[in-house]
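Sharing a structure with you now.
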Amino acid sequence: MSALDELLLARSGPMTTELVQHPGDFGLGKVPARLAPAGTAKAICGFCSTGCSLKIHLNAEGQAINLTPDPDYPVNLGMACPKGWEALTPLAAPDRATTPLLRDAHGKMQPVDWTQALTVFTNRLQSIQAEHGKGAVAVLSTGQIMMEEMALLGALAKFGLGIADLDSNTRQCMATSHVAYKQSFGFDAPPFTYADFEVSDVLVFVGANPCIAHPIMWQRVMRNRRNPAIIVVDPRRTETAMAATLHLPARPKTDITLLYGLAREVIRRDAVDAAFVTENTNGFAEFASFVNAFTPERVCAETGLSRADFDRTAELVTRPGARVSYWWTMGVNQSHQATRTAQAIINLALMTGQIGQPGTGANSITGQCNAMGSRLFGNATSLIGGYDFGKPEHRAHVGGILGVDPAVIPEKASRAYDKILDAVEAGEIRALWVIATNTAHSWVNSGKFARLRDKLDFLVVQDMYATTETAQQADLVLPAAGWGEKEGVFINSERRLGYARKVARAPGVALSDFSIFKLVAEAWGCGPMFAKWTSPGAAFQLLKQLSRGQPCDFTGIRDHAHLEAEGGIQWPYPESPAVPQPAAPGRERRLFADGKFFTPDGRAKLLFDEPVPLPEPPDAAYPFLLNTGRGSSAQWHTGSRTDKSAVLRKLAPTVPWIEINPADAAPLGLITGQEVAVRSRRGETKALAVVTAIVQPGQVFMPMHFPEVNCLTFPAYDPHSRQPAYKACAVALDVLPET
Ligand SMILES: Nc1nc2c(c(=O)[nH]1)N[C@H]1C(S)=C(S)[C@@H](COP(=O)(O)OP(=O)(O)OC[C@H]3O[C@@H](n4cnc5c(=O)[nH]c(N)nc54)[C@H](O)[C@@H]3O)O[C@H]1N2
Ligand SMILES: Nc1nc2c(c(=O)[nH]1)N[C@H]1C(S)=C(S)[C@@H](COP(=O)(O)OP(=O)(O)OC[C@H]3O[C@@H](n4cnc5c(=O)[nH]c(N)nc54)[C@H](O)[C@@H]3O)O[C@H]1N2
Ligand code: SF4
Ligand SMILES: [Mo]
């Protein structure tokens, strides 16, 4: 029996044998029995980066029946948001990809078996590489698969398949935080722990709507017993802004000006932590002279904020003895000047010494369940393990641990997502392998991706569903097991590694991404290179070795079982010197308590630039500024998973809507529920109007959960992170006659 047959047969066997293999064949070792025959198993939620633990209740076969949030986990303390409660439902959706699908000569998708699928995959991609060069194939991956899987993919693609360009949806989401931290701190290292929500005196949220996007983090804020001041900087009066003590509706993308103005106030009000700045930072003198130009008058004129609100903010963040924490998400990261805006936040925390202590920090909240895993181990921007592709000693070190010849490790990081698509447009990249992301819906200015389809000789999509906008355009669909149908580790926003168990069997012949990558390696002819990657558990041991001596060192974690027993463990957690795991219920640690950063001289850098105007401001032809983002706590991105739950569908509108201020609606004669055409220079779509003062006059907002939205968005990118600026483009509205 072939290893593939064994793999497939094992899937219909008992739940305790996930990846039973001939050790000789694909090198997939036998995974020890883990699942109890009945009872409960725990899995970290596979939606957002909060990383809640869910207790899955199992039947006698070890299959999930239902779930309840885990009361003992330090992250969620027995809570879950609607997506968590409904996490099992999308697994049973009727449109799951249950078998590989191959487009036939008539353009129809036909079911094929894995042997055929792998043969076509290998033949097509290898012949494209033979004809056009290795660089003619690229990968678009994700922050939503297990850490072991994304690491195996990164290693396979770059070292085994010779693919130089591998980027992921993390570019759409966290690239800015990654670059900002790396430049400022010397490593991509979010310093905080969720306890900081509970023990801050002043919390400043910039471009973050945790009530909707991270509801359980918001619950942690609600547990704060210090009567905190909560400041929310957001052009919309979001649920979070409504719950705040002070809402600053600064004009979109003027945050950088506001933050520089606050830095000037910190200096003027003598609130600089001089000892911290002198001992632990570089660049303060230059920064201080730079921000001197950001007077309150200028800040208020450019941001549209009142002087009273600005002064109140300055007073709160400089309050003597107060613990101040800064939190940011996509309102910052998705900007044309995102990295410097994030660093303007970092600078404020540094200059006031508000870092490394309880209730402080310049804290980027992550998005996807494993965006942190992809930042460290995706092998895209950083060499797997947080190393640099450009350093020969790093390539040698990584090659040594993984048992691959350093000569096969590229000397440069991948091109960014937008450059990969530019290369498709130029005919240089001819094939794409898209894994666990829905590019056709989520990429900025999606009309471009739609046009590029014809330029691709071959498009492979590896997803749980064959129905996503991207999968429908594929030449080959590889059916993947989803969260709950496989095991592995996610890293959450506070650097906590958490383990998710397998609690359900994937439908049909769908396989875990880990198994698919192993099979691809074998079919491609580079299987031996990945001999050490016998299972997610074995891969975890390799990743531990890669982390050794890095800021993210987690060599002290024995294995998956250790993570499960401890309720997750935050990095760093080195083997030596051992870090005591703090006692329950906190079990939390933060970085930089000693003021030492990961730069060569141990000092953090204050980085800054002049504010740059909006790339596409509204004008007479396109008078509104379109902002986009999360619509409700029940909707996840492109809806491939959450739309499958009848419960979640009841919690949010199922058609695209657009929020518009009453002052703008009145002259258009527009009322809530009326249909409008929304036009930008790139596309046009329809949406139902919601007339609301949540948005400011001149601004409109659309949730990103409908594919129509990105046909409008403007492709501007932050120059450092190349993250798209999804949240600001000019649109026009036309009221449509009732039909
Ligand atoms: N329910 C749900 N939860 C999710 C997700 C989901 O799809 N659904 N996705 C997850 C992921 S991957 C991510 S990245 C996070 C995103 O989490 P968030 O970033 O909190 O969510 P967004 O709605 O994208 O953007 C946050 C806010 O930024 C504001 N904003 C826009 N422009 C500006 C600006 O110029 N300045 C400021 N200060 N604010 C601005 C928007 O008005 C919006 O309210 O959510 C995660 N959680
Ligand atoms: N206009 C606008 N656009 C945006 C944003 C915005 O704020 N505004 N936000 C951006 C951000 S922050 C993000 S993160 C992106 C998200 O954009 P996407 O990544 O495109 O969105 P998802 O719907 O999460 O797509 C994930 C896909 O992976 C599949 N999947 C889930 N689990 C697995 C698995 O284990 N294995 C495999 N193989 N497949 C799996 C799902 O079925 C789904 O099709 O969208 C970005 N796009
Ligand atoms: S807050 Fe995030 S991690 Fe927690 S249950 Fe909801 S989606 Fe899952
Ligand atoms: Mo994201």
Side-chain angles (χ1 to χ4, degrees), residues 44-54 69 75-76 79-85 87 90 142-146 149 168-170 172-174 205-210 212-217 219 232-236 238 240-241 248 250-255 258 328-335 341 365-369 371 435-444 461-465 468 470-471 478-483 485-486 492 512-513 516 627-642 695 701-705 709-710 712-713 723-724 726-728:
I44 301 304
C45 176
F47 285 106
C48 91
S49 64
T50 307
C52 299
S53 171
L54 304 171
V75 166
N76 52 315
M79 300 176 280
C81 83
K83 296 183 297 302
W85 280 100
T142 186
Q144 292 180 58
I145 57 177
M146 303 301 176
E149 296 180 327
S168 77
N169 61 9
T170 308
Q172 291 157 273
C173 180
M174 301 315 302
F205 289 94
V206 189
N209 188 9
I212 293 298
H214 299 93
I216 303 305
M217 290 194 203
Q219 291 305 315
V232 172
V233 188
D234 194 313
R236 292 163 69 218
T238 60
T240 312
L248 302 178
R251 288 193 188 109
K253 309 306 155 206
T254 60
D255 307 79
L258 168 64
W328 83 85
T329 318
M330 291 308 117
V332 170
N333 282 8
Q334 295 172 344
S335 310
T341 305
I365 301 174
T366 324
Q368 306 168 81
C369 52
I435 298 139
T437 188
N438 189 1
T439 305
H441 174 147
S442 62
W443 186 245
V444 70
V461 174
Q462 182 168 323
D463 202 287
M464 292 169 65
Y465 307 95
T468 70
T470 318
L478 301 179
W483 167 92
E485 296 167 343
K486 56 186 180 178
N492 78 356
S512 71
D513 295 289
I516 298 173
N627 175 3
T628 66
R630 277 72 201 157
S632 76
S633 67
Q635 291 166 299
W636 180 257
H637 296 157
T638 74
S640 8
R641 284 192 280 166
T642 43
V695 286
F701 173 83
M702 290 181 83
M704 62 157 300
H705 312 294
V709 173
N710 277 321
L712 302 165
T713 46
Q723 180 159 344
Y726 284 108
K727 287 179 163 34

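All ligand and atom numbering here is 1-based and tracks the order in the structure.
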Checklist outcome for this item: Looking only at non-hydrogen atoms, the one of R630, Q144, Q462 nearest atom 12 (S) of ligand 2 is R630
Checklist entry - At a 4.0 Å threshold, what atoms of ligand 1 neighbour a non-hydrogen atom of N627? => result 31 (C), 41 (C), 42 (O)
Checklist entry - Quick one: does M174 get within less than 4.0 Å of ligand 1, heavy atoms only? => result no
Checklist entry - At what distance is the nearest protein heavy atom to atom 6 (Fe) of ligand 3, and which residue and atom is it? => result C81 SG, 2.3 Å
Item to check | Between T468 and T470, a side-chain donor and acceptor under 3.5 Å | outcome: no
Checklist entry - Can you tell me which residue and heavy atom of the protein come closest to atom 2 (Fe) of ligand 3, and the distance to 0.1 Å? => result C48 SG, 2.3 Å
Item to check | Closest approach of any protein heavy atom to atom 8 (Fe) of ligand 3, naming residue and atom | outcome: C45 SG, 2.3 Å
Checklist entry - Is there a heavy atom of S335 sitting under 4.0 angstrom from any atom of ligand 1? => result no
Checklist entry - What protein heavy atom is closest to atom 19 (O) of ligand 2, reported as residue, atom name and distance in Å? => result N169 ND2, 2.7 Å
Item to check | Atoms in ligand 1 with a heavy atom of V233 nearer than 4.0 Å | outcome: 37 (C), 38 (N), 39 (N)
Checklist entry - What do you reckon, does A471 put a non-hydrogen atom under 4.0 Å from ligand 2? => result no
Checklist entry - Should the proximity of D463 to ligand 2, defined as any heavy atom under 4.0 Å, be assigned to the side chain, the backbone, both, or neither? => result both
Next on the checklist: Under 4.0 Å, heavy-atom basis, I'd like to know which part of K727 is in contact with ligand 2: side chain, backbone, both or neither.
Outcome noted: side chain
Checklist entry - Of all the non-hydrogen atoms in the protein, which one sits nearest to atom 38 (N) of ligand 2, and at what distance? => result D513 OD1, 2.9 Å
Checklist entry - What do we get for A371 next to ligand 2 when only non-hydrogen atoms under 4.0 Å count, side chain, backbone, both or neither? => result neither
Item to check | Protein contact to atom 8 (N) of ligand 2 [nearest heavy atom, distance to 0.1 Å] | outcome: T628 OG1, 2.9 Å
Checklist entry - Does any N or O in the side chain of K83 come within less than 3.5 Å of the main-chain N or O of A634, such that one atom is a donor and the other an acceptor? => result no
Next on the checklist: Heavy atom to atom 17 (O) of ligand 1, shortest distance: which of C173, G331, A213 holds it?
Outcome noted: A213
Next on the checklist: Using heavy-atom distances only, which candidate in Q368, Q334, H637, Q172 approaches atom 21 (O) of ligand 2 most closely?
Outcome noted: H637
Next on the checklist: Show the atoms of ligand 3 that are less than 4.0 angstrom away from any heavy atom in F47.
Outcome noted: 7 (S)
Checklist outcome for this item: ligand 3 to G84, heavy atom cutoff 4.0 Å, flagged ligand atoms 5 (S)
Item to check | Identity and distance of the protein heavy atom lying nearest atom 26 (C) of ligand 2 | outcome: A436 O, 3.4 Å
Item to check | 4.0 Å heavy-atom contact, R251 with ligand 1 | outcome: no
Checklist entry - Which atoms of ligand 1 sit under 4.0 Å from any heavy atom of K83? => result 1 (N), 2 (C), 3 (N)
Checklist entry - Is ligand 1 less than 4.0 angstrom away from at least one heavy atom of S632? => result yes
Next on the checklist: Are the side chains of N438 and H637 in contact, using a 4.5 Å heavy-atom criterion?
Outcome noted: no
Checklist entry - Just going by heavy-atom distances, which of I365, V332, D255 is nearest to atom 36 (N) of ligand 1? => result D255
Checklist entry - With a cut-off of 4.0 Å, which atoms of ligand 3 are near a heavy atom of G51? => result 3 (S)
Next on the checklist: Heavy-atom pairs closer than 4.0 Å: do any link ligand 2 to the side chain of N710, the backbone, both, or neither?
Outcome noted: side chain
Item to check | Per-atom contacts, ligand 1 versus S633 - under 4.0 Å to a heavy atom | outcome: 1 (N)
Checklist outcome for this item: the protein heavy atom lying closest to atom 1 (S) of ligand 3 turns out to be I216 CG1, 3.5 Å
Next on the checklist: Between Q172 and M704, is there a side-chain heavy-atom distance shorter than 4.5 Å?
Outcome noted: no
Checklist outcome for this item: The option among T341, T638, T329, D234 carrying the non-hydrogen atom nearest to atom 43 (C) of ligand 1 is D234
Checklist entry - Any donor and acceptor pair, going by atom type alone, linking the side chain of D513 with main-chain N or O of A480 inside 3.5 Å? => result no
Item to check | Option set P215, G367, C48, criterion heavy-atom distance to atom 13 (C) of ligand 1, minimum | outcome: G367
Next on the checklist: Is the shortest side-chain heavy-atom distance between E149 and I516 below 4.5 Å?
Outcome noted: no
Checklist entry - Against heavy atoms of G207, which atoms of ligand 1 measure under 4.0 Å? => result 19 (O), 26 (C), 27 (C), 28 (O), 37 (C), 38 (N), 39 (N)
Checklist entry - Under a 4.0 Å heavy-atom limit, does T437 contact ligand 2 with its side chain, its backbone, both, or neither? => result both
Checklist entry - For ligand 2, is G482 a contact, meaning one of its heavy atoms is under 4.0 Å away? => result yes
Next on the checklist: Under 2.8 Å from atom 4 (Fe) of ligand 3, is there any N, O or S atom belonging to C52?
Outcome noted: yes
Item to check | ligand 2 contacted by T142 (non-hydrogen, < 4.0 Å) | outcome: no
Checklist entry - Counting each atom of ligand 1 from 1 as listed, which ones have a heavy atom of P252 under 4.0 Å away? => result 35 (O)
Checklist outcome for this item: Closest to atom 35 (O) of ligand 2 by heavy-atom distance, out of K486, M464, M330, is K486
Next on the checklist: Checking side-chain polar atoms at under 3.5 Å, does N333 have a donor or acceptor matched by the opposite partner on W328?
Outcome noted: yes
Next on the checklist: What protein heavy atom lies closest to atom 47 (N) of ligand 2? Include the residue and the distance to one decimal.
Outcome noted: S442 O, 3.0 Å
